[in-house]
Amino acid sequence: MASPTASLYQIQSIFHYKNNNKPLFSLSSPTHQFPSNSNFFLQRKLSLTMPRKESVIVVSATTAEKKRHPGEKKGFVEEMRFVAMRLHTKDQAKEGEKEVKEPEEKAVTKWEPTVDGYLRFLVDSKIVYDTLEKIVQDAAYPYYAEFKNTGLERSASLDKDLAWFKEQGYTIPEPSTPGLTYADYLKDLSQNDPQAFICHFYNIYFAHSAGGRMIGKKIAGQLLNNQALEFYKWDGDLSQLLQNVRDKLNKVAEEWTREEKDHCLEETEKSFKLSGEILRLILS
């Protein structure tokens, strides 16, 4: 059996040849001592002829596959989407894994909304979007500026919708605890925890473009005589607007460490909790 010293030297030879295309030591050098074991020189000869590069690649690929996160091949946004989908219920999404515990977690078709509750939802949603858009404009971190004027902004649209309700004779309520709490939380994250803030930014805008539109259609048909609100309208092609933001998010995340990405993903549950408390207002 070869000595431990011989085995170590054999491994060093593989990587040294890979990087420098020349031997680690010269066999003719009098300054290096080699083991007296007769098998050493046979192993040395074998190490110089084995398929070094292929062996290294196979090991690296296997290791990478073990550590790969769901969706990672497609970019970080796909990782965020995967985590978010798991936090949906089966009623909300086919990939959902969460059990239905709250009224807003039921399928939208089973909701029994009220106009007053919907107005509270719109008002609290507006303070959240106001906060998001101001954070992006002020850009405490330079990459926040990447998300200025994406076309997904909702604050101005909500202004128009609330004005329409007022014209119909409805009293517009003041922002309530769910919206104010979420807005304050976003302000704090934007200054002190940028990866967590990006998680909320993604989930708020992308959830509204998907499930949010289903809610809008339900409310319009059941309570508003099919009046289509501005909250559910976008200038330009929505799918392209979303893709543009996906590309920006993926680009920003390329500069993050794996630990920073994981921290962002871990914030998803908090994002769902705070958004859910605002959504629940519709059914109040």
Side-chain angles (χ1 to χ4, degrees), residues 69-89 92-96 104 107-108 121-122 125-126 128-137 139 141-161 182 186 189-190 194-220 228-256 260-261 264-265 267-272 274-276 278-279:
H69 285 59
E72 188 175 356
K73 286 184 178 180
K74 295 183 179 180
F76 187 62
V77 170
E78 184 63 15
E79 291 187 54
M80 288 197 285
R81 190 197 72 81
F82 180 85
V83 173
M85 286 298 100
R86 291 175 60 188
L87 292 176
H88 284 75
T89 66
Q92 295 171 327
K94 63 180 180 180
E95 298 166 84
E104 74 278 5
V108 174
F121 163 75
L122 293 177
S125 293
K126 185 177 184 304
V128 169
Y129 283 104
D130 286 347
T131 302
L132 280 172
E133 290 166 29
K134 187 175 189 309
I135 288 170
V136 167
Q137 289 297 321
Y141 288 83
Y143 60 74
Y144 290 174
E146 292 283 337
F147 305 104
K148 292 181 180 181
N149 305 317
T150 62
L152 298 183
E153 293 80 13
R154 297 291 84 199
S155 184
S157 298
L158 284 164
D159 271 335
K160 294 177 183 178
D161 289 334
Y182 202 176
L186 290 171
L189 286 185
S190 69
Q195 283 77 34
F197 170 74
I198 288 295
C199 175
H200 289 264
F201 176 92
Y202 163 77
N203 280 294
I204 290 170
Y205 280 110
F206 278 69
H208 179 64
S209 71
R213 287 192 292 167
M214 295 174 61
I215 293 168
K217 185 176 181 180
K218 166 76 174 180
I219 299 296
L229 298 185
E230 296 298 316
F231 192 28
Y232 307 100
K233 299 177 184 178
W234 288 263
D235 294 330
D237 179 54
L238 177 58
S239 62
Q240 186 58 56
L241 296 175
L242 291 169
Q243 186 57 52
N244 292 343
V245 175
R246 283 190 195 95
D247 292 342
K248 291 176 184 293
L249 287 166
N250 282 331
K251 180 180 177 183
V252 166
E254 285 176 1
E255 304 300 320
W256 294 351
E260 289 171 329
K261 290 178 180 178
C264 176
L265 297 176
E267 189 70 14
T268 306
E269 189 168 357
K270 186 64 177 287
S271 172
F272 270 57
L274 293 171
S275 293
I278 294 175
L279 198 58

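Values below: every heavy atom of this structure, side chains too, minus hydrogens, waters and symmetry copies. Just so it is clear, the structure is predicted and the values come from calculations on it, not from any experiment.
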Aromatic plane relationship, F231 with Y129 - under 30° parallel, 30 to 60° tilted, over 60° perpendicular: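 Geometry flag for F231 against Y129: perpendicular rings.
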
Whether Y182 and H200 hold their rings parallel, tilted or perpendicular, with breakpoints at 30° and 60°: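 If you compare the ring of Y182 with that of H200, the planes turn out perpendicular.
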
Backbone of F206 reached by a side-chain donor or acceptor of S209 within 3.5 Å: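 Pair found, side chain donor or acceptor close to backbone of F206.
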
Side chain E146, main chain V252, donor-acceptor under 3.5 Å: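 Between the backbone of V252 and the side chain of E146 there is no qualifying donor-acceptor contact (under 3.5 Å).
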
Working to the nearest 0.5 Å, report the span between [atom1] of [X] and [atom2] of [Y].
X: Q137; Y: Y144; atom1: CD; atom2: OH; answer: 14.0 Å
X: K126; Y: E133; atom1: NZ; atom2: CD; answer: 8.5 Å
X: F147; Y: N244; atom1: CZ; atom2: CG; answer: 11.5 Å
X: H208; Y: L279; atom1: NE2; atom2: CG; answer: 11.5 Å
X: S157; Y: W234; atom1: OG; atom2: CH2; answer: 8.5 Å
X: I278; Y: L122; atom1: CD1; atom2: CG; answer: 11.0 Å

Ring centers of Y141, F197 separated by less than 6.0 Å: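 Not under 6.0 Å, so no.
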
[X], [atom1] atom: more than 12 neighbouring heavy atoms under 6.0 Å:
X: K160; atom1: NZ; answer: no
X: E78; atom1: CD; answer: yes
X: D237; atom1: CG; answer: yes

Which atom of [X] lies closest to which atom of [Y], heavy atoms considered:
X: L189; Y: A196; result: CD2-CB, 3.9 Å
X: I135; Y: L186; result: CD1-O, 3.6 Å
X: R246; Y: V77; result: O-CG2, 3.6 Å
X: F76; Y: C264; result: CE2-SG, 3.7 Å
X: E267; Y: C199; result: C-SG, 3.6 Å
X: L152; Y: Y205; result: O-CE2, 3.3 Å

Flag for N149-E153: side-chain donor and acceptor within less than 3.5 Å: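 N149 and E153 do not have a side-chain donor-acceptor pair below 3.5 Å.
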
Side-chain donor-acceptor contact under 3.5 Å, E254 with N250: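 On atom types as modelled, these side chains do not qualify, holding no pair under 3.5 Å.
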
Side-chain heavy-atom pair T268, R86 within 4.5 angstrom cut-off: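 Side-chain contact under 4.5 Å: no.
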
D130/K134 salt bridge by N-O under 4.0 Å criterion: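 A salt bridge is absent here (no side-chain N lies under 4.0 Å from a carboxylate O).
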
K248/Y143 under side-chain contact (heavy atoms from CB on, under 4.5 Å): CA gap, chis, key distance, verdict: CA-CA 9 Å; K248 291 176 184 293; Y143 60 74; over 6 Å; no

From CA spacing to verdict: side-chain contact (heavy atoms from CB on, under 4.5 Å), M80, L265: CA-CA 6 Å; M80 288 197 285; L265 297 176; 3.7 Å; yes

